[in-house]
Amino acid sequence: MSKETAIQAGTKNAPERVADPVERGAESSIATVPDLTRNAVDVLPEGRLAEQLKLDRPLRVKLGIDPTTADIHLGHTVVLGKLAEFQAAGHTVVLIVGDFTARVGDPSGRSASRPVPTPEEIEANATTYQEQAYKILDPAKTEVRRNGEWLDMNLADLLRLMGTTTVARLLERDDFQKRMAENAPIAGHELLYPLMQGYDSVAIDADVELGGTDQKFNLLFGRDVQSAYGKPPQSIMTLPILVGTDGVQKMSKSLGNYVGVTDPPDEMFGKLMSIPDEAMDEYFRLLLPQVEKPEAEPVRQKRFLAGQIVDRFHGSGKGREAEQAFDKVFVQHAVPEDIPEVDLSDYLSDGDGEVHLPRLIAGSFGMSTSEGRRLLAGGGVKLDGEAVDAHNLDVPAEALAGRVLQVGKRRFARLSSLD
RNA sequence: GGGGGAGUGUCCGAGUGGUUAAAGGAGAUGGGCUGUAAACCCAUUGGCUCUGCCUACAGAGGUUCGAAUCCUCUCUCCCCCA
């Protein structure tokens with residue numbers, strides 16, 4: 001989306017935003033305060049949000065996202081879900097796509113500067129990100145803006161922005177304190193991050209800004225920036241950071257412990273089944289606020305959780321299907337329905353009509369032949385469910401044609417028949 | 001501008017001339033057990049045409065029979081002083 005269309009989209013939506021709360025009436029807005037703060041960790045300053053909700057106008061509720069990765073995962077949906085609640089209460093969500101802030105990289109929770117994505121990556125990510133966010137948000141009540149619109153400023157404007165604070169204030173944040181203690185580098189431009197994010201709030205007249213608990217500093221900092229520009233400071237709300245499927249670290253793509261909202265149903269179900277029992281309560285509370293955790297044995301509860309979440313992102317009934325597919329593979333140890341087919345002829349050694357198994361495994365599952373060899377030696381490779389004898393690395397193609405090659409519990413490939 | 005310190009495999013981290021593809025740990029993967037949970041046990045964890053070969057300790061040269069370990073230059077990072 002270009003700058004122009006982004007602005008138009010916002011303008012076009014304006015009448016709907018205004019109409020909603022008028023119909024709802026002031027009392028209902030006040031009544032929604034406890035709901036809106038549910039699961040929140042910090043709602044600051046104390047009592048400010050309640051006052052704002054009495055204003056009887058749609059609040060402009062901001063969320064900034066940096067398109068540094070393409071996919072939204074369940075961790076992001078905690079905050080997005082909260083935004084959706086604001087929308088349901090008649091407020092406007094302003095989604096800031098941080099095409100400019102992505103060039104800096106949010107220092108929050110980072111022990112090192114992060115690599116800067118290329119403009120092309122940022123652009124591609126921004127597009128998919130927005131699409132995926134609409135799985136949760138109501139597009140009609142969402143205003144999407146790129147912060148490059150206003151952050152691509154001249155030096156005079158930047159100097160004014162920087163003059164609104166002090167270096168000491170910028171260094172106060174925990175992340176920087178830690179890095180300094182560890183003698184880790186802090187890049188100069190990282191200092192600017194909170195200023196840039198704060199200026200976003202100035203530019204879009206934010207009333208409320210949401211974020212994860214790791215965003216607390218940035219969110220509060222935005223209030224000061226707004227004040228410096230003569231705007232009423234926003235209130236802030238932080239929400240818990242969802243733990244990843246390992247149950248230990250926060251969910252993140254780079255840690256590989258995430259469940260993407262666009263993950264196929266079977267995969268989503270499987271990943272959710274692998275979370276530790278201790279993480280279940282949190283998953284129920286943060287991801288399915290409207291659903292009761294059933295009284296049952298842990299496996300049942302987890303199956304229910306996984307099914308509900310699949311339903312939420314793929315449509316009602318998909319959770320049940322995913323559960324059936326799951327049972328088929330992991331309980332009945334059957335071969336799943338859709339598995340990739342591998343063309344055996346690609347692996348025929350010249351002349352003798354034999355196939356070098358390590359190479360076949362490597363090619364079929366994207367690993368090195370050495371790794372394939374090791375798996376073979378470790379008894380992790382099966383053909384039609386039977387463990388493969390590791391002594392014969394070269395096997396006649398006829399012995400493989402049409403059979404199902406399996407590595408571990410969950411990687412399958414169907415071998416083509418010979419023509 | 002001056003002085004000091006550091007760059008080792010996915011990550012952390014030993015190793016200061018000779019069985020070092022590189023201790024140990026984490027993570028990951030495979031096997032056992034199981035609820036694709038946890039815990040626990042075992043194995044593997046650079047690549048390959050694999051009883052061997054190749055490539056590796058920031059990069060490039062050099063010394064040596066032999067270097068991650070010594071020397072030179074380069075790059076990157078951190079700290080202190082100014």
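Just so you know, these numbers use all the heavy atoms, side chains as well, and skip hydrogens, waters and symmetry mates. Chain naming here is simple, since letters A, B, ... match the order of the sequence lines and numbering starts at 1 in each.
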Using a 3.5 Å cut-off and no angle test, enumerate the donor-acceptor pairs between side-chain atoms of residues 260-268 of chain A and protein atoms at least two apart in sequence or in another chain.
from	atom 1	to	atom 2	distance (Å)
A:Asp263	OD2	A:Gly260	N	2.9
A:Asp263	OD2	A:Lys271	NZ	2.8

Residues 161-171 of chain A, side-chain donor-acceptor partners within the protein, below 3.5 Å, at least two apart:
from	atom 1	to	atom 2	distance (Å)
A:Thr164	OG1	A:Leu161	O	2.6
A:Thr166	OG1	A:Arg169	N	3.1
A:Arg169	NH1	A:Asp224	OD2	2.4

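Judged by closest nucleotide on RNA chain B, A:Val407 is the one of A:Val331 and A:Val407 placed further toward the 5' end. The nearest heavy atom of RNA chain B to A:Phe326 and to A:Met367 marks one nucleotide each, and the one closer to the 5' end goes with A:Phe326.
When the C1' atom is used for both B:C48 and B:A56, the distance is 14 Å, rounded to whole Å. Distance check on atom C1': B:G27 versus B:U10 gives 8 Å, rounded to whole Å. One C1' atom belongs to B:U72, the other to B:C65, and the distance between them is 23 Å to the nearest Å. B:A67 and B:A22: their C1' atoms are spaced 13 Å apart (whole Å). Rounded to a whole angstrom, the distance from the C1' atom of B:G18 to that of B:A43 is 31 Å. B:A68 and B:A28: their P atoms are spaced 31 Å apart (whole Å). Going from the P atom of B:G32 to that of B:G24 covers 26 Å, rounded to whole Å. Distance check on atom P: B:G47 versus B:U34 gives 33 Å, rounded to whole Å.
A donor-acceptor contact shorter than 3.5 Å links the side chain of A:Asp99 to the backbone of A:Asn147.
Looking at residues 392-399 of chain A, you'll see that no heavy atom sits under 4.0 Å from any atom of RNA chain B. At a non-hydrogen distance threshold of 4.0 Å, A:Gly270 from residues 260-270 of chain A come into contact with RNA chain B.
At a threshold of 4.0 angstrom between heavy atoms, the contacts of A:Arg373 include nucleobase atoms, whether or not backbone atoms are also involved. Among the protein residues, A:Ser370 comes within range of the nucleic acid bases, having at least one heavy atom under 4.0 Å from a base atom.
Side-chain atoms of A:Asp175 and A:Tyr193 include no donor-acceptor pair closer than 3.5 Å. When only modelled atom types and interatomic distance are considered, A:Gln197 and A:Asn218 share a side-chain donor-acceptor pair under 3.5 Å.
For residues 229-287 of chain A, the pairs satisfying ring pair (Phe, Tyr, Trp, His ring centres under 6.0 Å) are A:Tyr199-A:Tyr229, A:Phe269-A:Phe326, with sequence neighbours left out. Among pairs with a residue in residues 284-296 of chain A, those fulfilling salt bridge (Lys or Arg N to Asp or Glu O under 4.0 Å) read A:Asp281-A:Lys293, at least two apart in sequence or across chains. Within the structure, every pair that satisfies the salt bridge (Lys or Arg N to Asp or Glu O under 4.0 Å) test and touches residues 231-241 of chain A, not counting sequence neighbours, is listed here: A:Asp205-A:Lys231. Residues in residues 365-393 of chain A take part in these salt bridge (Lys or Arg N to Asp or Glu O under 4.0 Å) pairs, two or more places apart or across chains: A:Asp384-A:Arg403.
Think of the region where chain A sits on RNA chain B: with heavy atoms and a 4.0 Å cut, that region ends 5' and 3' at B:U29 to B:C79.
Among residues two or more places apart in sequence or in another chain, the side-chain hydrogen bond (donor to acceptor under 3.5 Å, both in side chains) test is passed with A:Thr128 by none. With sequence neighbours left out, the salt bridge (charged side-chain N to carboxylate O under 4.0 Å, His left out) criterion links A:Asp207 to A:Arg57.
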Dot-bracket encoding per residue of RNA chain B, Watson-Crick/G-U cut-off under 3.5 Å, | denoting interstrand:
((((((((.[[[..)..(.....]]]((((((.......))))))(((...)))...[[[[[..)....]]]]]))))))).

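For the side chain to side chain contact (heavy atoms under 4.5 Å, CB included) with A:Met251, the lone residue among A:Val78, A:Leu242, A:Thr77 that qualifies is A:Leu242.
The heavy-atom pair separating A:Pro67 from A:Ala126 by the smallest distance is CB-N, 3.7 Å.
With respect to A:Glu85 and A:Lys82, a salt bridge is recorded, a charged nitrogen being found less than 4.0 Å from a carboxylate O.
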